[in-house]
Amino acid sequence: MKLIFMGTPEFALPSLKILAESEKHEVALVITQPDKPKGRGLHLEHPPVKIMAIQYDIPVMQPQKIKGNMEVIKAFEQLRPDAAIVVAYGRLIPPELLSIPPKGFINVHASLLPALRGASPINHAILSGGEKTGISIMKLDEGLDTGPVYESREIEIGRDDAIALSKRLSATGAELLESVLDRIESGSIKPVPQDESAATYAPLLKKEDGLIDWNRNATKIESMVRGLLPWPCAYTDMQGKMLKILSAQIEETPHGFPPGTMIKEASRLRIACGNGFVIPQTLQLEGKQAMDAKSFANGLKVKEIILGGLSR
């Protein structure tokens, strides 16, 4: 099939790679988000999908918007793709595009639809404390992840953080996409409507989602630590500076400390919470590099510090 591929971050790379190297499909065009300024020098940086497209000598478009964009519409009409593949593109596909490819827009979504529709399904799968999530290959319609599903594949979350889980899901998504595309081409698979009564949502993350309430139980806080990487991260206040907890373990044991008390014990740290302790493994204080708990503890001059209260 002739395809137009739409995607932006690293999550989309396995799918683009498997299609670019396929003998059965042709990726005629890649559409991705515009370059963005990065670092202190604010130098423009290509999105990962653009970098890979250049490597495979695939033409690239980077429109600021796609709704009402005549250049994008003309590209679809001139190339006449059989289908468009969408993998974490970052924008809703407007109705004027949806009807152009005869086999529609096929989306790789990182959840078991209808659960966790929306922008941050991987993060919310961990935040919810669930044991399983997965990949759904679906046909887009005008709603937010509401279209019928061709096939889903379940995976265990385990102890993965959101970065590690994203890598596993992206690889699974690429494999399932290739399989589904072959069956779409042969006409041997049809999408099945979602059960609207079972729908849940995974809204875009906000900075304030990362603020730790130390009155919560240890399991919930540890889920925040794993689920909010790479942004906004689980964070707290330490003497007026933001302290990010980047990895942690927990102990669910009774104690008499006020929630938010960080206790230095030789080369280890414990932070009291609602039903036990969060034991940081990797931390990053505002303005500093990330470091392991032993190094961080060695730099502390006091044995106890009360954390919390940051609101910026």
Side-chain angles (χ1 to χ4, degrees), residues 9 36-45 119-120 122-129 159-166 202-312:
K36 291 187 177 180
K38 294 280 186 177
R40 293 184 178 179
L42 296 178
H43 299 295
L44 288 177
E45 183 175 283
S120 306
I122 298 173
N123 309 92
H124 284 279
I126 296 174
L127 291 172
S128 68
R159 304 307 304 162
D160 276 359
D161 61 32
I163 295 173
L165 183 58
S166 178
L204 192 67
L205 294 172
K206 305 183 295 294
K207 181 66 176 290
E208 54 265 32
D209 291 333
L211 181 60
I212 299 170
D213 177 357
W214 293 107
N215 292 292
R216 288 182 170 182
N217 67 53
T219 300
K220 180 64 177 178
I221 295 172
E222 192 267 347
S223 293
M224 290 177 64
V225 171
R226 290 188 294 116
L228 294 173
L229 293 175
W231 186 91
C233 300
Y235 62 87
T236 188
D237 173 78
M238 179 175 168
Q239 299 179 328
K241 291 187 176 181
M242 179 184 292
L243 176 65
K244 295 179 179 178
I245 313 295
L246 302 179
S247 64
Q249 297 176 352
I250 61 173
E251 286 181 1
E252 294 183 328
T253 55
H255 63 78
F257 295 98
T261 305
M262 177 187 279
I263 305 135
K264 175 183 174 180
E265 299 172 336
S267 295
R268 152 176 125 131
L269 299 170
R270 294 195 297 167
I271 306 173
C273 60
N275 69 333
F277 296 92
V278 173
I279 304 172
Q281 305 296 300
T282 312
L283 309 91
Q284 184 175 14
L285 188 62
E286 185 177 340
K288 304 289 186 179
Q289 295 292 320
M291 63 180 69
D292 61 72
K294 180 178 180 180
S295 300
F296 194 93
N298 289 339
L300 293 178
K301 297 180 180 180
V302 295
K303 291 190 179 295
E304 291 185 14
I305 300 173
I306 300 295
L307 306 177
L310 196 66
S311 60
R312 56 191 163 95

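Taking all atoms of both residues into account, the shortest heavy-atom contact from Ala297 to Ser267 is CB-C, 4.1 Å. The two residues Asn123 and Gly227 have their closest heavy-atom pair at ND2-O, 2.8 Å. Across all their heavy atoms, Ser120 and Leu205 have their closest contact at OG-N, 3.5 Å. Taking both residues in full, the closest heavy atoms of Pro280 and Ala293 are given as O-CB, 3.2 Å, listed atom of the first, atom of the second, then distance. Nearest approach of Asn275 to Ala218, heavy atoms of both residues: OD1-N, 2.7 Å. The shortest heavy-atom contact between Gln289 and Gln284 is C-CG, 4.0 Å.
Between the NZ atom in Lys244 and the NZ atom in Lys288 there is a gap of 15.0 Å [rounded to 0.5 Å]. Note that CG of Leu283 and SG of Cys233 are 11.5 Å apart. Values are rounded to the nearest 0.5 Å. For the atom pair Ile305 CD1 and Asp237 CG, the distance stands at 10.5 Å (nearest 0.5 Å). Once rounded to the nearest 0.5 Å, the distance linking CZ of Arg270 with CD1 of Ile279 reads 7.0 Å. One finds the CD atom of Glu222 at 9.5 Å from the CD1 atom of Ile126 (value rounded to the nearest 0.5 Å). Atom CD of residue Gln239 and atom NZ of residue Lys241 lie 9.5 Å apart, to the nearest 0.5 angstrom.
Using a 4.5 Å heavy-atom cutoff, the side chains of Leu269 and Leu300 are in contact. Between Met224 and Leu127, some side-chain heavy-atom pair lies under the 4.5 Å cut-off. In this structure the side chain of Thr236 never reaches within 4.5 angstrom of the side chain of Met262, judged on heavy atoms. With contacts defined as side-chain heavy-atom distances shorter than 4.5 Å, the pair Ile306/Thr261 qualifies. Annotation: side chain of Lys207 is in contact with side chain of Trp231 (closest heavy-atom distance under 4.5 Å). Side-chain contact between Ile221 and Ile245 is absent, with no heavy-atom pair separated by less than 4.5 Å.
Leu246 pairs in a side-chain contact (heavy atoms from CB on, under 4.5 Å) with only one of the listed residues (Leu229, Asp161, Leu228), which is Leu229.
Ring geometry for Phe277 versus Phe257: interplanar angle over 60°, hence perpendicular rather than tilted (30 to 60°).
Residue Glu265 places its CD atom among more than 12 non-hydrogen atoms of other residues, nucleotides or ligands, all under 6.0 Å distant.
Panel note: side chain Arg226, backbone Asp160; a donor-acceptor pair is recorded below 3.5 Å.
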